[in-house]
Participant: 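What follows is a single structure, and I will ask about it in a moment.
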Amino acid sequence: MTVTAEPFSVRMEVRVYEIDPQLHLNGGFYVQYADHARFACVQAAGVSVQDLIGGGLGPVNLETVIKYHHELRGGDQVDVTCEWEWGGGKTYRVRHAFRRPDGTVAAEVTHVSGLLDLETRRLVADPRHAWRTRASRPELLGLDRAPAPARAEAAR
């Protein structure tokens, strides 16, 4: 399994309309913040989601788990990280840590995801390859760069 060494991160501010009657961030917004961070990470990695979808592939979340540690309130700032974990199958994990500027972890969101073939409506067999071939900065997705053809031949 490969995990990124330094996770991608975006800073967000909790907006007043996102708080619930207990005056903390409504649970659904944790998922939206995680989605925003993941989309920003994919863009920073050089992947065009429009081209991905135009090529017949769509990222899908198959499972989402939220773990709450400390509440976030209106006006709070939070850094949302994005770490990709790859195994050998059709799915992969994306982990998000929600950290206050002082480093305190407020929450964690984890997704089990895959790439859906939009024609067959089935998960692609090798999502790692599909992401790597589209990324100019695959390390942001927890992926090594594809080996250069000469090195791949020399390794045989």
Side-chain angles (χ1 to χ4, degrees), residues 1-55 57-118 123-124 126-146:
M1 179 182 322
T2 304
V3 181
T4 55
E6 295 180 26
F8 178 86
S9 180
V10 295
R11 179 160 285 181
M12 302 182 70
E13 183 172 327
V14 177
R15 296 163 289 213
V16 70
Y17 63 84
E18 297 170 337
I19 59 175
D20 65 15
Q22 289 78 32
L23 302 178
H24 55 72
L25 184 63
N26 178 288
F29 286 103
Y30 286 88
V31 174
Q32 289 184 19
Y33 283 22
D35 288 347
H36 175 80
R38 198 170 49 263
F39 185 77
C41 181
V42 164
Q43 286 185 310
V47 177
S48 164
V49 175
Q50 184 175 1
D51 290 346
L52 186 71
I53 292 171
L57 299 176
V60 293
N61 289 333
L62 305 168
E63 175 184 291
T64 300
V65 175
I66 305 171
K67 293 182 182 178
Y68 302 100
H69 300 286
H70 297 280
E71 67 184 0
L72 292 171
R73 295 173 156 276
D76 284 352
Q77 296 212 341
V78 63
D79 295 313
V80 182
T81 65
C82 189
E83 292 184 88
W84 300 62
E85 297 178 3
W86 300 92
K90 294 180 180 183
T91 63
Y92 51 92
R93 289 187 187 277
V94 183
R95 297 184 186 278
H96 303 277
F98 287 62
R99 286 193 173 86
R100 296 173 180 274
D102 69 4
T104 303
V105 176
E108 297 169 276
V109 174
T110 304
H111 300 286
V112 174
S113 301
L115 275 178
L116 187 68
D117 179 313
L118 298 174
L123 294 177
V124 298
D126 190 358
R128 173 185 250 172
H129 175 75
W131 283 111
R132 182 185 292 121
T133 60
R134 289 166 173 79
S136 58
R137 296 186 60 203
E139 65 277 6
L140 292 178
L141 306 177
L143 297 167
D144 298 324
R145 292 198 175 273

Participant: Check whether Arg128 reaches the backbone of Gly88 with its side chain - one donor and one acceptor, N or O, closer than 3.5 Å.
Facilitator: no
Participant: Calculate, to the nearest 0.5 Å, the distance between atoms CG and OG1 belonging to Asp79 and Thr81 respectively.
Facilitator: 9.0 Å
Participant: Using the rule given for side-chain contact (heavy atoms from CB on, under 4.5 Å), can you reason through Val42 versus Leu52, listing the C-alpha separation, both sets of side-chain angles and the distance that settles it, and then say yes or no?
Facilitator: CA-CA 11 Å; Val42 164; Leu52 186 71; over 6 Å; no
Participant: If the plane angle is over 60° it's perpendicular, under 30° parallel, otherwise tilted; pick one for Phe98 and Tyr30.
Facilitator: tilted
Participant: Enter the distance from Asp126:CG to Trp86:CH2 here, rounded to the nearest 0.5 Å.
Facilitator: 8.5 Å
Participant: Of all the heavy-atom pairs spanning Cys82 and Cys41, show the shortest one and how long it is.
Facilitator: SG-CB, 3.8 Å
Participant: Does Gln22 CD have over 12 foreign heavy atoms under 6.0 Å away?
Facilitator: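 More than 12 heavy atoms, drawn from other residues, nucleotides or ligands, come within 6.0 Å of this atom.
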Participant: Between CG of Asp117 and CG of Leu57, what distance do you get to the nearest 0.5 Å?
Facilitator: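 Rounded to the nearest 0.5 Å, the CG-CG separation comes out at 6.5 Å.
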Participant: Please determine whether side-chain contact (heavy atoms from CB on, under 4.5 Å) holds for the pair Glu63 and Arg93, giving the CA-CA distance in whole Å, both sets of side-chain angles, and the decisive distance to 0.1 Å.
Facilitator: CA-CA 9 Å; Glu63 175 184 291; Arg93 289 187 187 277; 4.3 Å; yes
Participant: For the pair Arg134 and Asp51, evaluate side-chain contact (heavy atoms from CB on, under 4.5 Å) and give the outcome as yes or no after the intermediate values.
Facilitator: CA-CA 9 Å; Arg134 289 166 173 79; Asp51 290 346; over 6 Å; no
Participant: Not counting sequence neighbours, which residues clear salt bridge (charged side-chain N to carboxylate O under 4.0 Å, His left out) with Arg95? List them please.
Facilitator: Glu85
Participant: On a heavy-atom basis, which atom in Leu118 and which in Gly58 lie closest, and how many Å separate them?
Facilitator: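 Between these two residues, the closest heavy atoms are CG-N, 3.9 Å.
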Participant: For the residue pair Ala34 and Val80, what are the closest heavy atoms and their distance?
Facilitator: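 Heavy atoms only, the tightest pair is CA-CG1, 4.4 Å.
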Participant: For the CD atom of Gln32 and the CE atom of Met12, what is their distance to the nearest 0.5 Å?
Facilitator: 8.5 Å
Participant: Heavy-atom count check: over 12 atoms from other residues, nucleotides or ligands less than 6.0 Å from His69 NE2?
Facilitator: yes
Participant: Return the orientation label for the His111 and His96 ring planes: parallel under 30°, perpendicular over 60°, tilted otherwise.
Facilitator: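 It falls in the perpendicular class, over 60°.
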Participant: Hey, what do you get for CG (Leu72) to OH (Tyr33), rounding to the nearest 0.5 Å?
Facilitator: 7.5 Å
Participant: When rounded to the nearest 0.5 angstrom, what distance separates CZ in Arg73 from CG in Leu25?
Facilitator: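 Atom-to-atom, Arg73:CZ and Leu25:CG are 11.5 Å apart.
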Participant: Give the minimum heavy-atom separation between Gly46 and Ser136, together with the two atoms involved.
Facilitator: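 Minimum heavy-atom separation between Gly46 and Ser136: CA-OG, 3.5 Å.
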Participant: Is there a side-chain contact (heavy atoms from CB on, under 4.5 Å) between Gln43 and Val49? Walk through the geometry before answering.
Facilitator: CA-CA 8 Å; Gln43 286 185 310; Val49 175; 5.5 Å; no
Participant: So which heavy atom on Arg38 is nearest to which on Asn61, and how close?
Facilitator: NH2-ND2, 3.1 Å
Participant: Which heavy atom of Ala45 sits nearest to which heavy atom of Leu140, and what is that distance?
Facilitator: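 Of all heavy-atom pairs spanning Ala45 and Leu140, the closest is N-CD1, 3.7 Å.
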Participant: Mark yes or no for whether Trp131, through its side chain, and Leu115, through its backbone, hold a donor-acceptor pair below 3.5 Å.
Facilitator: no
